[in-house]
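In the text below, chain A, chain B and the rest are named by the order of the sequence lines, each starting its count at 1. Heavy atoms only: backbone and side chains are in, while hydrogens, waters and symmetry mates are out.
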2 protein chains.
Amino acid sequence: MATTPSARRIGTKDSQTRAQLVDAAERLMLEEGYAAVTSRKVAAAAGLKPQLVHYYFRAMDDLYVEVFRRQAEANISGFEQAVAEGVTLQQLWRMNADARAAVFTIEFVALANHRKAIKAELARFAERFRAAQQTAFASALAAAGIDEDQLPPVVGLLLMTGLAQVLGLEQMIGVTTGHAETKAFVDDLLAGLDVRPAKRSGLRRPGSRRR
Amino acid sequence: MATTPSARRIGTKDSQTRAQLVDAAERLMLEEGYAAVTSRKVAAAAGLKPQLVHYYFRAMDDLYVEVFRRQAEANISGFEQAVAEGVTLQQLWRMNADARAAVFTIEFVALANHRKAIKAELARFAERFRAAQQTAFASALAAAGIDEDQLPPVVGLLLMTGLAQVLGLEQMIGVTTGHAETKAFVDDLLAGLDVRPAKRSGLRRPGSRRR
DNA sequence: GTCTATACTTCGATAGAC
DNA sequence: GTCTATCGAAGTATAGAC
């Protein structure tokens, strides 16, 4: 039953050409959005013929998934390494507040809205990602002396993720009102927390901010 | 110089047919993403002929903009009314935590990534929206007894917006780990704040949460 | 194993008939 | 004021030549 989905020959995974196509697709997705990732445009961006895209990828979805996996895998391994070594809240924040990552998220979520294959892939990774980050976040919180029922780790993590997401998203469309102030606030807050490993330090900001 | 962008006849703005097309486009965008909003699909969804889309809208971008404006305008007027009447933090949160709105945001931001006309439109509204919300948020914060240099209004607003965004976005792809806990946390936090208008109440959660 | 010639579908848009 | 006939460009995908 799972044996008739068009049995045509597909290029090897370790082809140089294939890699160029994925690179081009990634660039396009970042700069012009997923709708610009068509076989013709990808090929043009890579200096190749459009048919090659279909030789290396059975369907366009497969190319999308490949771009996503490469990106997600690189990202997640960074976190998994970090969680093993132990990270501060500041480091976690810096890893999350990456505009490039925000653009990818937006594009793939939008893509997932009408491509089932992408949605499944995205959900799988999101859960894995959440798990890795949650562990790291929980210990970083504990190290900063913040109690679990003062701020449950998942909640803090979602707050951080959300803030990073919104900043990236707005920057993407050219809206930056309040961004500088917010970043400064977070930096101050985290600097104070990471430096003070005493229990029950609360969420108050330490000192006044110059700048 | 601005007089030759194709001078062909366009249908009146108050046409019944036109409204049907916008409705259909909105539905499609929400359910299948902006890439599904093509002249043919929109027409099919409205039970009309594809060419009608081009009769009522000079270019597809104009249709996108129309869908966006209608949505944004409805949303913003809600806030502007709320700010006039005065709102609590709880009400603001409820207005933001709308999954439907999150989907729209995602779609239009992604769309803006490769459609300049949309990007400009989106940025314009985002700024207007921010302004309206910031006023409301600032007074709600003050009413809750939270000092400005404890939590600057813009920062709080971005935190709230980000959290709402992330929850909506994740729900969209079927990831809900930690959502229930987070919503409960926010509800408790806000209930406590809105009820206690004393100065310097800090950010600590009031009491322990059962449930 | 790699790439090309080619088919078929869908898209946006316009000119002109009612 | 409203809708139809029609086009050229762009999209995905396959079969077969090197």
Side-chain angles (χ1 to χ4, degrees), chain A residues 3-25 28-29 31-67 107 110-111 114-118, chain B residues 3-25 28-29 32-68 107 110-111 114-118:
Chain A
T3 26
T4 1
S6 162
R8 110 177 170 273
R9 293 202 300 159
I10 294 294
T12 51
K13 260 211 154 192
D14 56 319
S15 153
Q16 180 58 36
T17 307
R18 196 186 122 111
Q20 287 176 359
L21 290 171
V22 179
D23 287 342
L28 272 174
M29 171 124 6
E31 288 163 17
E32 309 189 35
Y34 75 83
V37 184
T38 68
S39 45
R40 279 173 148 90
K41 294 222 186 89
V42 168
L48 298 165
K49 302 248 168 124
Q51 302 94 316
L52 282 178
V53 174
H54 299 287
Y55 168 56
Y56 286 105
F57 303 92
R58 185 171 306 277
M60 289 304 288
D61 272 13
D62 295 338
L63 173 55
Y64 300 145
V65 167
E66 182 73 16
V67 171
E107 289 300 331
L111 194 51
H114 67 130
R115 299 279 199 152
K116 282 189 165 190
I118 308 294
Chain B
T3 27
T4 3
S6 164
R8 115 177 166 272
R9 292 204 299 162
I10 294 295
T12 51
K13 261 212 152 190
D14 57 319
S15 153
Q16 180 57 38
T17 309
R18 196 187 122 111
Q20 288 176 359
L21 290 171
V22 178
D23 286 343
L28 272 175
M29 172 129 358
E32 308 190 38
Y34 75 81
V37 184
T38 68
S39 47
R40 283 169 148 85
K41 296 222 184 89
V42 169
L48 298 166
K49 302 248 167 130
Q51 301 95 318
L52 281 179
V53 176
H54 298 289
Y55 169 57
Y56 286 106
F57 303 92
R58 185 172 305 280
M60 289 304 288
D61 273 12
D62 295 337
L63 173 55
Y64 299 145
V65 167
E66 182 74 14
V67 172
F68 174 70
E107 289 299 333
L111 191 52
H114 72 131
R115 299 276 198 154
K116 283 190 164 189
I118 309 295

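Minimum heavy-atom separation, A/Gln20 to A/Leu48: OE1-CD1, 3.8 Å. Listed here is the closest heavy atom pair of B/Ala45 and B/Leu28: CB-CD1, 4.4 Å. Closest of all the heavy-atom pairs between A/Tyr55 and A/Arg8 is N-NH2, 4.3 Å. The two residues A/Met60 and A/Thr38 make their nearest non-hydrogen contact at CE-C, 3.7 Å. In plain terms, the two heavy atoms of B/Val53 and B/Ser39 that are nearest each other are CG2-O, 3.5 Å.
Listed nucleotides: C/dT2, C/dA13, C/dT14. Nearest to the side chain of A/Ser15: C/dT2. In the set D/dC3, D/dT6, C/dG12, the nucleotide with an atom closest to the side chain of B/Ser39 is C/dG12. Across C/dC3, C/dG12, D/dT6, the shortest atom-to-atom separation from the side chain of B/Tyr64 is found for C/dG12. Of the candidates D/dG1, D/dA13, C/dA13, the closest approach to any side-chain atom of A/His54 belongs to D/dA13.
One atom, CZ of A/Arg115, and another, C1' of D/dG11, lie 11 Å apart when rounded to the nearest Å. Put simply, CZ on A/Arg18 is 14 Å from P on C/dC3, counting in whole angstrom units. One interatomic measurement links the two molecules: NZ of B/Lys49 to P of C/dC18, which rounds to 14 Å at whole-angstrom precision. One can place CD1 of B/Ile10 at 13 Å from C1' of D/dC3, the figure rounded to the nearest angstrom. Regarding A/Leu21, its CG atom lies at a distance of 12 Å from the C1' atom of C/dT2, rounded to whole Å. The CG atom of B/Leu52 sits 17 Å away from the P atom of C/dC18 (whole-angstrom rounding). For A/Met60 and D/dT14, the CE to P distance is 13 Å, given to the nearest whole Å. Atom pair A/His114:NE2 and D/dG11:C1' shows a separation of 14 Å (rounding to whole Å applied).
Of the residues near DNA chain D, A/Arg40 and A/Tyr55, the one whose nearest nucleotide (by heavy atom distance) lies more toward the 5' end is A/Arg40.
Note on the helix from C/dG1-D/dC18 to C/dC18-D/dG1: terminal axis deviation equals 0°, with five pairs used at each end and the result rounded to 10°.
Note on B/Thr38: every side-chain N or O is 4.0 Å or more away from OP1 and OP2 of C/dT10. Within the structure, a side-chain polar atom (N or O) of A/Lys41 is placed less than 4.0 Å from OP1 or OP2 of D/dG11. One finds no side-chain N or O of B/Tyr56 lying less than 4.0 angstrom from the OP1 or OP2 phosphate oxygen of D/dG1. B/Thr12 has a side-chain polar atom (N or O) that falls below the 4.0 Å cut-off from OP1 or OP2 of D/dT2.
No engagement by A/Phe57 is indicated, since no non-hydrogen atom pair under 4.0 Å with the nucleic acid exists.
The side-chain heavy atoms of A/Arg18 and A/Phe57, taken from C-beta on, include a pair separated by under 4.5 Å.
Evaluation of the ring pair (Phe, Tyr, Trp, His ring centres under 6.0 Å) rule for B/Phe68 yields B/Phe108, B/Phe125 as partners, not counting sequence neighbours.
Of the listed residues (A/Asp61, A/Val22, A/Leu21), just one forms a side-chain contact (heavy atoms from CB on, under 4.5 Å) with A/Glu66, and that residue is A/Val22.
Remark: the B/Gln51 side chain and the C/dA13 base include no donor-acceptor N/O pair separated by less than 3.5 Å.
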